[in-house]
Amino acid sequence: MAEGPLPKRKREEEEEEDGEAAHHDGAAAAATTAPFPLAELRLRRVLRESARDKAVFLHGEVTSPSGEGTDAVIILEKTPFQEEKVSDLLKKHMKLELQMRNDIYSTYHLYPPPELSEIKTTVVYPATEKHLQKYLRQEVHLIRETWEDYKNITLPFIQSQSFSIQWVYNILEKKAEADRIIHENPDPRDGFVLVPDFKWNQNQLDDLYLIALVHRREVKSLRDLTAEHLPLLRNILQEGKEAVAKRFGVPGSQLRIYLHYQPSYYHLHVHFTALGYDAPGSSVERAHLLADVIDNLAMDSMYYQKRALTFALRADELLFKKFQEVGRV
């Protein structure tokens with residue numbers, strides 16, 4: 001969620017979660033089509049930019065040979081510095097341009113060679129109006145959802161929408177991203193798959209980001225969880241930490257492991273991020289630590305069917321309008 005939960009995934013600035021955002025429309029397209037014709041893109045508008053994340057979200061259009069235009073969302077992000085390449089950056093820079101000097105302080109523009117000036121590019125193509133709205137800057141409002149609100153407003157809204165999560169099933173069935181799987185517990189009831197989130201380029205650990213996708217398909221979100229799901233949640237917590245430590249050398253004490261509510265897609269999943277990384281969607285109004293969720297369910301099986309939950313919604317989201325219509329905003 002950028003400025004509120006996004007209808008699907010990476011980010012105050014998320015693609016979604018760009019989560020929140022982004023995985024999966026771009027991944028699916030990349031897996032099934034030819035390389036995106038970036039040079040042929042006609043820029044329509046800047047949807048949003050984030051100085052904090054060094055990212056810009058663009059609405060573009062690709063024209064087919066028949067003259068028909070197709071919308072696309074392009075996300076350009078400056079990649080994090082890699083420690084092993086900093087020395088090359090200092091030695092091989094093409095230009096160092098003085099901007100300001102005052103006593104012992106000075107600032108410069110440094111122009112690196114192409115191989116050290118990578119920009120991560122995420123493509124959503126073809127993009128629908130929902131994708132364009134998802135990345136467009138909007139006002140955000142906090143919602144305090146009671147269990148009655150969930151039953152009467154949120155759940156009917158979820159059931160009325162056709163949120164596509166085929167990309168999740170593709171991973172679980174190993175039709176896509178099978179080579180990216182970090183760990184799998186194949187148990188159909190209490191198992192899960194752990195994969196790198198599409199936001200993480202896996203070149204450095206500072207912004208480590210993985211997602212655990214459960215095999216069970218009927219569990220949509222935090223609201224569905226009861227004590228029945230404790231074995232599943234404990235497997236994710238324990239096995240996930242062990243897998244990350246084994247593969248990446250990051251101990252569990254340096255991981256932030258949490259669920260989103262509202263989630264950016266309605267198939268239960270758990271986020272694993274580096275503790276030092278200000279991950280999109282890790283703010284207090286959206287993230288629920290998995291260890292706390294486990295403790296809450298151990299104390300009261302119906303905990304998440306009893307308590308009110310707070311989350312942010314963007315002003316343009318349909319769910320926000322549903323809450324607005326009944327006077328809950």
Side-chain angles (χ1 to χ4, degrees), residues 1-4 6 10-22 38-39 41 43-60 73-122 135-140 142 196-210 244 248-251 253-256 258 271-287 312 314:
M1 159 171 46
E3 303 159 75
L6 301 169
K10 172 177 180 283
R11 264 182 206 226
E12 179 141 33
E13 312 282 354
E14 184 166 332
E15 308 164 325
E16 39 181 40
E17 292 9 0
D18 33 128
E20 310 148 147
L38 189 63
L41 183 78
L43 181 63
R44 297 281 301 276
R45 57 178 167 159
V46 175
L47 297 170
R48 175 159 54 92
E49 62 84 26
S50 169
R52 187 193 70 177
D53 291 326
K54 306 294 188 296
V56 63
F57 302 75
L58 308 174
H59 172 199
V73 172
I74 312 297
I75 303 165
L76 304 177
E77 302 172 76
K78 296 290 183 65
T79 54
F81 287 102
Q82 298 177 42
E83 186 174 346
E84 65 275 12
K85 293 185 178 180
V86 169
S87 180
D88 283 346
L89 182 65
L90 299 177
K91 292 178 181 177
K92 298 179 180 179
H93 69 271
M94 302 172 70
K95 186 178 178 183
L96 189 65
E97 186 177 277
L98 178 67
Q99 299 300 302
M100 181 277 295
R101 178 179 286 124
N102 182 352
D103 192 31
I104 64 172
Y105 303 101
S106 55
T107 61
Y108 299 83
H109 282 171
L110 186 150
Y111 297 88
E115 67 271 15
L116 297 175
S117 53
E118 174 189 353
I119 295 178
K120 180 185 175 186
T121 305
T122 302
Y135 297 111
L136 189 64
R137 181 174 294 280
Q138 297 284 344
E139 288 185 349
V140 183
L142 280 180
D197 187 276
F198 209 53
K199 294 185 283 291
W200 183 39
N201 62 18
Q202 300 185 65
N203 289 333
Q204 63 284 317
L205 297 177
D206 290 348
D207 59 342
L208 177 143
Y209 202 140
L210 302 104
V244 172
F248 303 109
V250 178
S253 60
Q254 294 183 334
L255 293 175
R256 182 189 294 110
Y258 56 97
H271 302 254
F272 286 68
T273 66
L275 187 59
Y277 172 43
D278 183 18
S282 61
S283 51
V284 66
E285 69 272 14
R286 194 178 183 197
R314 300 192 323 181

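No experiment lies behind these values; they were computed from the predicted model shown.
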Quick check: closest heavy atoms across [X] and [Y], and the distance to 0.1 Å?
X    : Y    : answer
Y135 : V73  : CD1-CG1, 3.5 Å
Y258 : G281 : CE1-O, 4.0 Å
P251 : G249 : CD-O, 3.6 Å
H59  : L43  : O-CD1, 3.7 Å
D206 : A274 : O-CB, 3.6 Å
K199 : D197 : N-OD1, 2.8 Å

Check: Should we say atom CD of E83 is surrounded by more than 12 heavy atoms from elsewhere, each under 6.0 Å from it?
Finding: no
Margin query: Just by distance, no angles: are the side chains of R256 and Y209 close enough, under 3.5 Å, to form a donor-acceptor pair?
Written below: no
Margin query: Check whether K91 reaches the backbone of D88 with its side chain - one donor and one acceptor, N or O, closer than 3.5 Å.
Written below: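 No; zero donor-acceptor contacts below 3.5 Å.
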Gap separating the [atom1] atom of [X] from the [atom2] atom of [Y], nearest 0.5 angstrom:
X    : Y    : atom1 : atom2 : value
Y111 : M94  : OH    : CE    : 11.5 Å
T79  : I119 : OG1   : CD1   : 8.0 Å
Q99  : L110 : CD    : CG    : 11.0 Å
L210 : Q202 : CG    : CD    : 7.5 Å
N203 : F81  : CG    : CZ    : 14.0 Å
K120 : T122 : NZ    : OG1   : 4.5 Å

Just so I know, are the side chains of [X] and [Y] near enough to count as touching, which here means a heavy-atom distance under 4.5 Å?
X    : Y    : value
E77  : D53  : no
L208 : V244 : yes
F57  : R45  : no

